[in-house]
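Worksheet: the structure to be examined is printed underneath.
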Amino acid sequence: MQLKYTYILLTTIFIMSCTGTKTTTETFDRNKQPVAGPAPKVQLGKPQTFTLDNGLKVLVVENQKLPRVSVNLTLDNTPIFEGEKAGVSSLLSDLLGSGTTTVSKDQFNERIDFLGASVNYGSQSASMRSLSKFFPEVFGLMADGALNPNFTQEEFDKSKAKLVDNIKSGEKSVENISNRVENVLAYGKNHPFGEFTKMNQLQKITLADVQAFYNTYFKPNNAYLIVTGDVKFDLVKALVEKHLGSWQKGALPEYKLPDTQNVVQTEINFIDMPEASQTQVNVVSTTHLEMGDPDYHAVLVANQIFGGDFNSHLNMNLREAHGYTYGARSSVPASKYVSMFKAGAKVRNQVADSAVVEIMKELDRMYTEKVTEDELKTVKASYSGNFVMEVEKPETIARYALNIQKNNLPEDYYETFLAKINAVTADDVMRVAQKYFNKNNTRIVVTSKGAEVIPALEKLGYKINYFDKEGNSVDKPKMPEAVSNDITPAIVLEKYFTAVGGKDKLEAIQTIEQSYEFTMQGTPVVQVYKMQKPNKIYVETLVMGQSYGKMAFDGEKGYMTQMGNKLPLPEDRIAEYKNKKGIIDELLLLENSIL
């Protein structure tokens, strides 16, 4: 049998050589990168649509590949300014789904869990996921929760308590404070994008305020319902008419968004967080960019090259070249209201000023140097690959259809998307960077420990304005005073001894015992330290109450155990412990000759 296969192979090779047939290796040059083909033509499926009498627009994308269904309800209202009631929408988001007027919260959640589904709500949205055979029931539950919510004082108090805890924990986060203040400064306190929930305002919000907000804004007038998956159009239409047909439309309050203004000249806006161990540096400015703008695709490419990707200019500089951060990124999302260009990173306090310099250098580079053809090809290839994979998903088709509806885009918007990406040139990238990145009118928002970073920032030459955690203008933080030459380490230690009760009290201490408790991957761990003057030491680690390891030194010799194995202490460790002359480190410092 083997001989037969060998004969056939040799015969084939002989025939190919006689007929002049060339093999692939003779015509393919592996030293040259293959030429990219034309942008793939994308044919997106069109959703089936209908509109209820109350204004709710429904889009249905049938896809029978998997037995599951997803539904998303979106209220496309104008951004809402909550003012003195800031936080009411967050409370509404948490309260929706707490049962209905006919089904208790526990019954509602138990039924959803039993069906293996999920139902979620926001102040302006609702969604569900389920197997297709349970779709009718889960959809009915979602609609019931959205249209007939049961707001109780008990659940309201729980939601408010959770929001209070979130606010308190956020006060310690450098990223949270930076995001809050930069929004206040960029958009203004009277803008929906610039307001935030304050503790004193939250305490004044009542259950009646939440109910009023829901009754005012949760309307079908500007709502879209997207149904995707293993469904039939006729069934969806019947279910929507049954469960959402009674949803009453109503007049929505009119609100004119305030205009936003960037600074006249680039400046540093500093927020002092005295306990911060790291610095958040963000360059922010407002701009106007909509998905239908002719520049939109060029801005996508420009941002990807500047800071939207791991291999971007920004990340390669701050992370790879200098090691300032784990990651640096930029973004400029489109919006039919107002957009924000943002670029930055979280860095060590010691390099905050250097990070500012490098970010602005890369921004200037986008203004003055054309990107390379290789960079353009890489970004375009990335968009092509990701786009083609995304359009295979029915959820993507539904999302694209919704974008077309919400943003008044042409019907072939996504079918021509890749062609427009591929048409972007290096000149286009430089032009849109100069137009939308606002290098000369931007805020460099720095949130950090002022005592450590302000002196270096002052040397950069930018005007510095100072703000508190709520975006209010404040004076420059007080810098530490220079230590007098008359102050010595010994004097500092003596003052410390006085503050803790006196050196004689510390010298009288013969033994110390300390215990630390913590969890590691959910397992309780206890570490016990015992010391006896001058240098006897005992350390034990207990895991779930069982001894995991020990270390003991009696002044002359010692041992250590781990998981039942006992070994003598290494000689260098014994020598270290023998030289130890006490158990109070501060007293040992005082005796040290360097003091």
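When only modelled atom types and interatomic distance are considered, Ser448 and Thr279 share a side-chain donor-acceptor pair under 3.5 Å. Using a 3.5 Å distance cut-off with no hydrogens or angles, the side chains of Asn386 and Glu390 do not pair a donor with an acceptor. Side chains of Asn465 and Glu267: a donor on one and an acceptor on the other come within 3.5 Å. Asp209 and Thr206 share a side-chain donor-acceptor pair at under 3.5 Å. A donor-acceptor contact under 3.5 angstrom links the side chains of Gln280 and Asn282, judged on distance only.
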Quick one, Ser173 with Ile177, criterion side chain to side chain contact (heavy atoms under 4.5 Å, CB included). Give me CA distance, side-chain angles, the key distance, then yes/no. CA-CA 6 Å; Ser173 167; Ile177 297 301; 5.8 Å; no
Test salt bridge (charged side-chain N to carboxylate O under 4.0 Å, His left out) on Glu470 and Arg180 and set out the steps. CA-CA 7 Å; Glu470 295 186 351; Arg180 174 203 293 175; 5.4 Å; no
For Glu395 and Ser70, run side chain to side chain contact (heavy atoms under 4.5 Å, CB included): C-alpha distance rounded to whole Å, both residues' side-chain angles, the deciding distance at 0.1 Å, then the answer. CA-CA 8 Å; Glu395 293 87 353; Ser70 65; 4.2 Å; yes
Check step by step if salt bridge (charged side-chain N to carboxylate O under 4.0 Å, His left out) holds for Arg431 and Asp295. CA-CA 9 Å; Arg431 175 179 57 80; Asp295 289 336; 2.9 Å; yes
Lys469/Asn176 under side chain to side chain donor-acceptor pair (under 3.5 Å): CA gap, chis, key distance, verdict: CA-CA 10 Å; Lys469 292 182 179 181; Asn176 182 71; over 6 Å; no
Give the C-alpha distance, both sets of side-chain angles, the deciding distance and a yes or no for salt bridge (charged side-chain N to carboxylate O under 4.0 Å, His left out) between Lys162 and Asp94. CA-CA 9 Å; Lys162 284 194 293 185; Asp94 200 48; 3.1 Å; yes
Trace of the salt bridge (charged side-chain N to carboxylate O under 4.0 Å, His left out) decision for Arg365 with Glu358: CA-CA 10 Å; Arg365 178 182 169 191; Glu358 295 303 322; over 6 Å; no
Might you work through the side chain to side chain donor-acceptor pair (under 3.5 Å) test for Thr425 and Asp428, ending with a clear yes or no? CA-CA 5 Å; Thr425 66; Asp428 292 329; 3.1 Å; yes
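In this structure, the side chain of Asn315 does not engage the main chain of Asn311 through any donor-acceptor pair within 3.5 Å. Between the side chain of Thr78 and the backbone N or O of Glu254, no donor-acceptor pair lies under 3.5 Å. Remark: side-chain polar atoms of Ser285 are not paired, donor with acceptor, to backbone N or O of Thr442 under 3.5 angstrom. At least one donor-acceptor pair closer than 3.5 Å links the side chain of Asn441 to the backbone N or O of Val264. Judged purely by atom type and a 3.5 angstrom limit, Asp364 has no side-chain atom pairing as donor or acceptor with the backbone of Met360.
The nearest pair of heavy atoms linking Ala345 to Gly327 is CB-O, 3.6 Å. Of all heavy-atom pairs between Asp293 and Leu289, the closest is OD2-CA, 3.5 Å. The nearest pair of heavy atoms linking Thr325 to Val347 is CB-CG1, 4.0 Å. Here the closest non-hydrogen pair linking Ser178 and Val445 is OG-CG1, 4.2 Å.
Taking the six-membered ring where the residue is Trp, Phe193 and Tyr337 present perpendicular rings, their angle passing 60° and hence far from 30°. Classification of the Tyr324-His322 ring pair by plane angle, with boundaries at 30° and 60°, yields parallel.
Under 4.0 Å is where a charged nitrogen must lie from a carboxylate oxygen, and between Glu155 and Lys105 at least one such pair does. Under 4.0 Å is where a charged nitrogen must lie from a carboxylate oxygen, and between Glu154 and Lys158 at least one such pair does. Contact check on Lys336 versus Asp76 returns a salt bridge, with a Lys/Arg side-chain nitrogen under 4.0 Å from an Asp/Glu carboxylate oxygen. Under the 4.0 Å criterion applied to side-chain N and carboxylate O atoms, Lys85 and Glu82 are not assigned as salt-bridge partners. Here Glu175 pairs with Lys346 in a salt bridge; the nearest charged N to carboxylate O distance falls below 4.0 Å. Using a 4.0 Å cut-off between charged nitrogen and carboxylate oxygen, Lys449 and Asp272 do not count as a salt-bridge pair. Between Glu171 and Lys168 there is no salt bridge, since none of the side-chain N atoms of the basic residue sits less than 4.0 Å from a carboxylate O of the acidic one.
A 4.5 Å side-chain heavy-atom check between Asp353 and Leu460 finds at least one atom pair inside the cut-off. Between Asn403 and Tyr414 the shortest side-chain heavy-atom distance falls below 4.5 Å. When side chains are defined from C-beta on, Leu92 does not count as touching Gln211, because their heavy atoms never get closer than 4.5 Å. Within the 4.5 Å cutoff, the side chain of Leu252 has heavy atoms near those of the Asn222 side chain. Phe387 places none of its side-chain heavy atoms less than 4.5 Å from the side chain of Met389. Proximity of Tyr224 to Gln405: side-chain heavy atoms (C-beta onward) are separated by under 4.5 Å at one or more points. Residues Thr286 and Phe341 form no side-chain contact, since every pair of their non-hydrogen atoms from C-beta on lies 4.5 Å or further apart. Within the 4.5 Å cutoff, no side-chain heavy atoms of Asp427 are placed close to those of Val429.
Counting heavy atoms of neighbouring residues, nucleotides and ligands inside a 6.0 Å radius, atom NZ of Lys249 does not exceed 12 of them. Within 6.0 Å of CD in Gln203 there are more than 12 heavy atoms belonging to other residues, nucleotides or ligands. Environment of NZ in Lys198: crowded, with over 12 heavy atoms of neighbouring residues, nucleotides or ligands closer than 6.0 Å. In Tyr326, the OH atom is not crowded: 12 or fewer heavy atoms of neighbouring residues, nucleotides or ligands sit closer than 6.0 Å. Within 6.0 Å of atom CG in Asn200, more than 12 heavy atoms from other residues, nucleotides or ligands are found, so the atom counts as buried in its surroundings. Summarising the local packing, CD of Glu275 is surrounded by 12 or fewer heavy atoms from other residues, nucleotides or ligands at distances under 6.0 Å.
Separation of atoms NZ (Lys189) and CZ (Phe81) is listed at 11.0 Å; rounding is to 0.5 Å. To the nearest 0.5 Å, the span separating CG on Asn269 from CD1 on Ile444 amounts to 9.0 Å. Ser98 OG to Asn150 CG: the interatomic distance, rounded to the nearest 0.5 Å, is 8.5 Å. To the nearest 0.5 Å, the span separating OG1 on Thr447 from CD on Gln278 amounts to 12.5 Å. In this structure, OG in Ser123 is found 9.0 Å from CG in Asn77, a value given to the nearest 0.5 Å. With values rounded to the nearest 0.5 angstrom, Ser127 atom OG is found 9.0 Å from Tyr121 atom OH.
When ring centroids are compared, Tyr516 and Tyr529 come within the 6.0 Å threshold. Between Phe417 and Tyr400, the ring center distance fails the sub-6.0 Å criterion.
Pairs of residues two or more places apart, or lying in two chains, that qualify as ring pair (Phe, Tyr, Trp, His ring centres under 6.0 Å) and include a residue from residues 151-173 are Phe151-Tyr214.
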